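Values in this document were obtained by computation on a predicted structure and should not be read as measured data.
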Amino acid sequence: MLLSLLFICLLAAGLLAKVNDMTEKPISDAKALKLEEAIKNVVPPFDNNPVNESYKVATEKGDSLIVYPAKKGDDVVGFAVNSYSDDGFAGNIQVMVGFDTQDNVVNYAVLAHAETPGLGSQMVDWFKPQVQELSLIEKIFGFEIKKTETKSSIIGKSPGTTNFSVSKDGGDIDAISASTITSRAFLEAVNKAYAAYTQSENYTSTGATIVPEEDATEIKE
Amino acid sequence: MEYIGIIIVAIFVNNVVLAQFLGICPFLGVSKKVDTAIGMSAAVTFVLTIATIVTFLLQKGLLEPFGLQYLQTITFILVIASLVQMVEIVIKKVSPPLYQALGVFLPLITTNCVILGVAILVIQKDFTLLSSVVYAVATAAGYALALIIFSTIREQLALTKVPKAMQGVPIALITAGILAMAFMGFSGIEQVF
Amino acid sequence: MTKNIRILINGVVKDNPVFVLLLGMCPTLATTSSAINGMSMGLATMFVLVCSNLVIASLKNFIPDLVRIPAFIVIIATFVTIVEMVMNAYLPALADSLGIFIPLIVVNCIVLGRAEAFAAKNTVLSSLFDGVGIGLGFTLALTLLGVVREFMGSGRMFSVSFFPEDFGVTLFILAPGAFIALGYLVAIFNKLQRK
């Protein structure tokens, strides 16, 4: 009796070991691909391998963030920073934030989060410029319903010149409606990414070599 | 302080039943009377705490060192199933009155997803053993709170006139929805602590 | 054959796991914030259900009665783990959004319930039809609930926008909306069945 149960268990374990072997590589490939896609989406076009050239930058809090430099030829064209916040509504939020060499946010991608679907999860697109997507009834009846205007986009702005905090806290960015906590956490992660990479030694050296003279003064301000 | 945060979130903000949707079947099944609701809550608290400790130790002591994480689901569910059996036998021997109170609920607990859910969640959240235990107890308290409130409402509901198609589960689900709405009011309360 | 077809139809309508048997409520409520998520969860459960039904029906003579339940659990858990690994490998985004509810298929009462109540007593072929029927009933129920919640909540259906999102009732995407929408769907199903 116990023997047959043992036999079933062994069979199950063997089968799972086999499937695990088969899927191990696709799983790690899928993860690597996700990271590469995220980097590709948030920085200007590059031709190096940012993952191989990535380095860690210590933050004020004592941990470190990973910075992925994007280069075209020998010139640095931008940085992708893998940043996070632990103050999301449901804990940890992982984001990839891309900066160009003028410190402006090129784009961002949310890598992992557990925010409420329909509320906090809107951060995936909320902080990008609004797209006017026509719904089916608007297409059929040929009218357009004006959407509420928000100044929520962080794309093309720099945390150095724009106050990246929610308007409720005196900042320049509109929070997701009914999800202020998520919005705060998200912006915290973006600011953290900015602080980490501007304070890294690598920033001053690479930044100085590629930033044109007139822009360099602007950044100092 | 960290633990207070975990407790508040697990009981009120991310209530297992009303926000995370774990353990709905017994939530609907045994909530017709307050007595049974209390019995079920006690049994869940008991098994959840022990199961979380055992599965946590098993994960850190056996599965991770040998790289067998892919056996997690199968090991955890077997451990929980045998644990429930063992608890049943031990309680029967040691404390017959307790067995009288919890006995009927114990077999139902194996397929209660709260137990397996919490066991997997504490591993995913990378908790330490102590925070795992705190989380398990707080989750069980949240479960008890939701279940007992819900059963008191259902006792009242049994006395009211409800449209025929709505009787039983439909009206219970809608009540649970309104209860979940009330619990949403706790959102963000953990930021105070 | 007609008997098998009847088993299949019973699984979808008369014994619908969600609307009639009221089993497997956790994934039903948790993963239906959009139609596509609900449908994927239903299909994953259906896969496990069909496989475990098949294996259990063909092994039923070799499994001693006393260790029946643990043996069933092992078989079910094996297929659940396979689904989990395959999803992580080839559909990582979907695996992320279903999250913990994939391993929790193990404790879905429908799967163990059908193993115990049907597969352990019937032929392999009937068990296959039962698995497909119940699985289909579960998938349809989850998809329907997903469609209702997504449509009411954000004006979309399978990600196609029907009316502007601003007019959606966000509540339907949140936890309370899941309970309320399912409550009304069960009531409607009750009403239709009674006729």
Side-chain angles (χ1 to χ4, degrees), chain B residues 14-29 69-78 80-82 85 107-121 124 162-184 187, chain C residues 19-32 69-85 88 99-113 171-172 174-194:
Chain B
N14 254 334
N15 188 285
V16 258
V17 185
L18 300 170
Q20 297 194 67
F21 302 118
L22 294 174
I24 305 283
C25 294
F27 179 70
L28 294 173
Q69 281 96 329
Y70 61 91
L71 290 179
Q72 192 191 49
T73 314
I74 208 166
T75 331
F76 280 18
I77 186 69
L78 278 182
I80 291 166
S82 39
Q85 292 273 306
L108 290 174
I109 283 182
T110 314
T111 50
N112 185 336
C113 39
V114 175
I115 315 284
L116 184 64
V118 170
I120 296 174
L121 273 178
Q124 273 181 7
V162 176
K164 215 165 188 185
M166 283 294 217
Q167 273 164 13
V169 174
I171 194 75
L173 280 167
I174 289 162
T175 313
I178 294 167
L179 200 56
M181 235 187 280
F183 267 70
M184 274 179 74
S187 298
Chain C
F19 294 137
V20 181
L21 304 180
L22 298 155
L23 292 174
M25 286 289 144
C26 307
T28 305
L29 293 164
T31 60
T32 49
I69 301 290
F72 292 173
I73 292 178
V74 171
I75 293 167
I76 294 167
T78 309
F79 287 114
V80 170
T81 315
I82 291 175
V83 168
E84 197 185 352
M85 289 195 282
N88 272 325
I100 192 170
F101 286 93
I102 302 173
L104 286 182
I105 297 175
V106 172
V107 282
N108 191 325
C109 334
I110 299 170
V111 185
L112 190 63
L171 183 80
F172 277 95
L174 303 179
F179 286 107
I180 293 170
L182 183 62
Y184 277 107
L185 283 182
V186 173
I188 292 169
F189 207 85
N190 275 351
K191 186 86 190 164
L192 292 179
Q193 276 240 314
R194 207 168 286 146

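With chain C as the partner, the residue from B:Q124, B:M166, B:Q72 showing the most heavy-atom pairs under 4.5 Å is B:M166. Interface check for chain B: of the options C:C26, C:A30, C:G24, C:A77, the most heavy-atom pairs under 4.5 Å are formed by C:C26. Across C:I180, C:V80, C:L29, the residue that shares the most heavy-atom pairs under 4.5 angstrom with chain B is C:L29. Comparing C:P70, C:C109, C:A187 by heavy-atom pairs within less than 4.5 Å of chain B, the highest count is held by C:A187.
Interface residue C:A178: only side-chain heavy atoms are found under 4.5 Å from chain B. If you measure heavy-atom distances from C:V106 to chain B, the contacts under 4.5 Å come from the side chain alone. Of the two parts of B:L121, the backbone and the side chain both hold a non-hydrogen atom closer than 4.5 Å to a non-hydrogen atom of chain C. The contact between B:Q20 and chain C is made entirely by backbone atoms, counting heavy-atom distances below 4.5 Å.
Side-chain contact check for C:Y184 versus B:L173: every heavy-atom pair is 4.5 Å or farther apart.
When the side-chain hydrogen bond (donor to acceptor under 3.5 Å, both in side chains) test is applied to C:T28, no partner is found at least two apart in sequence or on another chain.
In plain terms, the two heavy atoms of B:P170 and B:A165 that are nearest each other are CG-O, 3.6 Å.
Judged by distance alone, the side chain of C:E84 and the main-chain N or O of C:I102 form no donor-acceptor pair under 3.5 Å.
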